[in-house]
Each structure stands twice: as C-alpha cells, then as structure tokens.
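Let me begin by presenting the structure, written as structure tokens, before commenting on it.
All of these numbers come straight from a predicted model, not from anything done at the bench.
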Amino acid sequence: MALASLKGEREFRRVRQHGAMLRDPLFTLRVTDYRPRHGEVWRPRAIIGIVVPKKTLRRAVDRNRARRRVREALRTLPGGLPPCRAILMPTPGVLTVPFPELQMALSRVLAQVPGRVKRGKGGGKGGNSRGAPPVPAAVPPADRATDRGETP
C-alpha cells in the first residue's frame, strides 16, 4: 500500500503551525489531527510529508536514501499508522541504524500521537483560535418584565 504524502505549501504550513512536536534521536515528528482535503471524502488515514533538509544531510544521495528508508519503515509498520497529518524530519542516524530499530522508534513515537494531537478549540499560535463568542441564553418574555422591575 502506498503512503499518502502532504502536498503543497499550504498543507505543510498548517501542520507546522498547529501540530504537536514529538522528538526521537532518529527523527522529529510534527503531527496534527486528520482532516480531509478540500472536496475529498472522509477517509481517516495518515498523510505524511518527509522532509530532509540540506543542512541535515549534504549529499542528495544520502537525503534520498533517508527518505526511502523512512517511507518503507512507515509503510511496513506492524501496527499501521494512526489517522493524522504529519511532517517527519529524519536525522543522519536514520542512515546507519538497523531497519527493525528504525521501525521500533517510529512505532514508539506514533503510539503517542492520539493523546498528543489537539482537537477542537485550542490556544495555539496564529489563526483565529478564539472561536465564536458565547451566545446568551434566551430569556422568556414573562421574565424580562420582572427583571426591569415592572409587573407582568
């Protein structure tokens, strides 16, 4: 089964701004809850973007190899992937660590995902995080007259 990938700067920006960060010696994972793309049917699944900057690994061969190893480890993970949107940034250790150890590290961090992801209203940075103002409760007409000191 192919791994779904984040597409476009807009999706990456949303995960960077609203995602929770989980760290491991082999990678950093920034994760947020699953939401379908515009016009897409609701199918909860993992949508993950793998980012390997030149600052981390200078040679393109190493960056591509790290990306391929992480993608294969995610694809063959025994427990599967939780529904989420995530950005995974591997460290140089991904190239030298044995493959089963990489899978264990990924499953250990992904097991923390459901409890760490913010849902509903949040106090995160940026955006409109306040939500809608509270709506006052409707007061029956008979009670309004007594509140003003009038007789009904």
Nearest non-hydrogen partners of Pro82 and Ala46, listed with the distance: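 Nearest heavy atoms, Pro82 then Ala46: O-CB, 3.5 Å.
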Heavy-atom closest contact (Leu95 atom, Ala66 atom, distance): CD2-N, 3.6 Å
Please list, one pair per line, the donor and acceptor atoms closer than 3.5 Å that link side chains of residues 96-105 to other protein atoms, with sequence neighbours excluded.
from, atom 1, to, atom 2, distance (Å)
Thr96, OG1, Gly93, O, 3.3
Gln103, NE2, Thr76, O, 3.2
Gln103, NE2, Thr76, OG1, 2.7

Output a table of donor-acceptor pairs, distance under 3.5 Å, between side-chain atoms of residues 48-56 and any protein atom two or more places apart or on a different chain; print 'none' if there are none.
none

Would you call Glu11-Arg16 a salt bridge at under 4.0 Å N-O? no
Regarding Glu72 and Arg75, does a basic nitrogen lie under 4.0 Å from an acidic carboxylate oxygen?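 Looking at Glu72 and Arg75, the cut-off is met.
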Side-chain contact, heavy-atom cut-off 4.5 Å: [X] with [Y]?
X	Y	value
Tyr34	Arg45	yes
Arg63	Arg67	yes
Val31	Val15	no

Can any side-chain N or O of Arg85 pair as donor or acceptor with the backbone N or O of Ile47 at less than 3.5 Å?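 Not confirmed, Arg85 side chain does not pair with Ile47 backbone.
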Got a second to check how far [X]'s [atom1] is from [Y]'s [atom2], nearest 0.5 Å?
X	Y	atom1	atom2	result
Cys84	Leu29	SG	CG	7.0 Å
Leu6	Ile87	CG	CD1	6.0 Å
His18	Arg30	NE2	CZ	11.0 Å

Check whether Val94 and Val61 end up in the same hydrophobic cluster, where Ile, Leu, Val, Met, Phe, Trp and Tyr are linked by side-chain heavy atoms less than 4.5 Å apart. no
Which donor-acceptor pairs under 3.5 Å do the side chains of residues 19-26 make with protein atoms, sequence neighbours left out?
from, atom 1, to, atom 2, distance (Å)
Asp24, OD1, Arg108, NH2, 3.3
Asp24, OD2, Leu26, N, 3.2

